Asker: 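The structure's right below; bear with me while I get my questions together.
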2 protein chains.
Amino acid sequence: MPNLKPPVTTTEQALRYRDELQAIDPSVEYLMTLYLSPELTPEEIHKAAQAGIVGVKSYPRGVTTNSEGGIESYEAYHPVFAAMEEAGMVLNLHGEVPSSAATNTCVLNAEPAFLPHLRKLHARFPRLRIVLEHATTRAAVECVKSLGPTVACSITAHHLSLTVDDWAGQAWHFCKPVAKYPDDRAALQEVVKEGHPRFFLGSDSAPHPYESKAAASPTSACAAGVYTSPILLPLVAHLLESFGALDKLEGFVSGHGRAFYERPVGEGAVRVVLRRASNHVVASQGYGAGPTHVVPFWAGKQLGWEIGGNAS
Amino acid sequence: MPNLKPPVTTTEQALRYRDELQAIDPSVEYLMTLYLSPELTPEEIHKAAQAGIVGVKSYPRGVTTNSEGGIESYEAYHPVFAAMEEAGMVLNLHGEVPSSAATNTCVLNAEPAFLPHLRKLHARFPRLRIVLEHATTRAAVECVKSLGPTVACSITAHHLSLTVDDWAGQAWHFCKPVAKYPDDRAALQEVVKEGHPRFFLGSDSAPHPYESKAAASPTSACAAGVYTSPILLPLVAHLLESFGALDKLEGFVSGHGRAFYERPVGEGAVRVVLRRASNHVVASQGYGAGPTHVVPFWAGKQLGWEIGGNAS
């Protein structure tokens, strides 16, 4: 996630950030991305690809956390995309256009309004691998399905569970893109159940502290994001089982994404094993202490699965 | 508002509640309504009408504050509606159907899904005066316009201002029905600007205490409602001026509603006078103290109008 402060826009920054992450847990293989911004050049793309950076992420201006410097039009980036296509880098899209009363655009239809941009990009750069990140609508699922093998789509765990009713008045279920209509959620569930190889898990987990979620001020909105990391795999297993897609678990959380990113399972790779749980209640008080503690999704509720350990 | 605990379902309860209100401010004329529920009989309707009660309010089950006992089907109430038509009582409708994943119904389309019920009721009881309360969608505006002179519609101040983007992650802007798309807000503004006589202000102001709005718990949603009472008339003047409808202020806040309810301006009636304000900033800390203080809409923001006094 390059939407940090400051944003990660150069190879050096990305490598430094990877070092910081690896110092925390050296056993994880971190796939780094750069932030699409006017500073990014075709030369930098080739340099980044050489250094093992796998993608570039685009945020339309102002639509998510720390995206004030996001893009407004893709035309200016065509030389960058051409370099990415050549170097085999992946373009990761936050697929929403900014809200505008003049065009009746708001958080509910911002994703469908983005899809023509995706179609145009794919038509212009058919070999460029593109991931439409954290899709939330039937329109997005159908659009990605209709495009070629270089276009994939990630789906979060929480969007397989939530609809707009769940985040209405409930800050901890509010994220961007917002969860949509029941039929949109059904479309996400259906494409997972179908086992479609170009759809895979992208957690988009956001550990906002308690105080930035609790609406302490009537004059400002809370932070957008849902925190699923500590329960991610048991949660996904639980949700997939709820709509009859448990047999698609491995492909959805691991196989499809690895295949699209061209990262075969390496030697000595660790397999996570899940087992049924009879008493896996998610911590309702969350993690940490004081106003900065972080409350996860599914807090206080039961999950049917838990991490059983690792296997080689 | 009969959606109290316990609900106001009999003439006695309504008169007792009116007495309580008049003890607080005897200068106000309170128009009382009963809660539509299985206990209500045609006999009770005639008794209520005799006692000066003007309306009956219907809440579909579970869609707003304290509506767990609300109606599920109108068929059973046809004898009550016939008595109301005869007695000249007004039917006040909370126009939403309950959410249901099976029919893709959620808080966003619950109002359009209710409109066929309104059409059917009006067709069956063409002389029954009906108010579709706090409408939020273009579909509702167009439906009410298309019906006969016995069907009117109330609009809140806050729905003239908000869209879904405003309550996404902002508890103090969350109410039911939720504010919808920019085009829906435009339709509400347009019908006010048009000066349509069957559309008038209904504040639907809800003074929920701070602690029930601040999402203190990640496992439960906050109370639904926006509190506008202390600033209502200056706010409406401010909003109408913002979309060029200031000349429609008196009809919208007073004349149209009085005409529909057949309440001509009585002798000795008091007129509220508004004047331009250069420094009317709405209290950002709200009213009262401690966790039960109530924060109003527009908190901390400026209004272009203020109450200038009363005139006979």
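Chain naming here is simple, since letters A, B, ... match the order of the sequence lines and numbering starts at 1 in each. Quick caveat: nothing in here was measured; it's all calculated off a predicted structure. FYI, side chains are in, hydrogens and waters are out, and symmetry mates aren't considered; it's all heavy atoms of this structure.
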Asker: What are the residues of residues 100-113 of chain A, in order of number, with any heavy atom under 4.5 angstrom from a heavy atom of chain B?
Answerer: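 Those residues of residues 100-113 of chain A which have a heavy atom under 4.5 Å from chain B are A/Ala101, A/Asn104, A/Thr105, A/Cys106, A/Val107, A/Leu108, A/Asn109.
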Asker: Determine the minimum heavy-atom distance between B/Gly169 and A/Phe174, stating which atoms define it.
Answerer: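 Closest pair (atom of B/Gly169, atom of A/Phe174, distance): CA-CD2, 3.5 Å.
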Asker: Spell out the residues in residues 236-248 of chain B that have some non-hydrogen atom less than 4.5 Å away from a non-hydrogen atom of chain A, in order of number; otherwise answer 'none'.
Answerer: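 The stretch does not come within 4.5 Å of chain A.
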Asker: Under a 3.5 Å distance rule, please check whether B/Gln170 uses its side chain to pair with a backbone N or O of A/Ser220 as donor and acceptor.
Answerer: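 Pair found, side chain donor or acceptor close to backbone of A/Ser220.
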Asker: Pick from A/Gly300, A/Ala168, A/Ala299: which one has the most heavy-atom pairs with chain B under 4.5 Å?
Answerer: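 Of A/Gly300, A/Ala168, A/Ala299, A/Ala168 has the most heavy-atom pairs under 4.5 Å with chain B.
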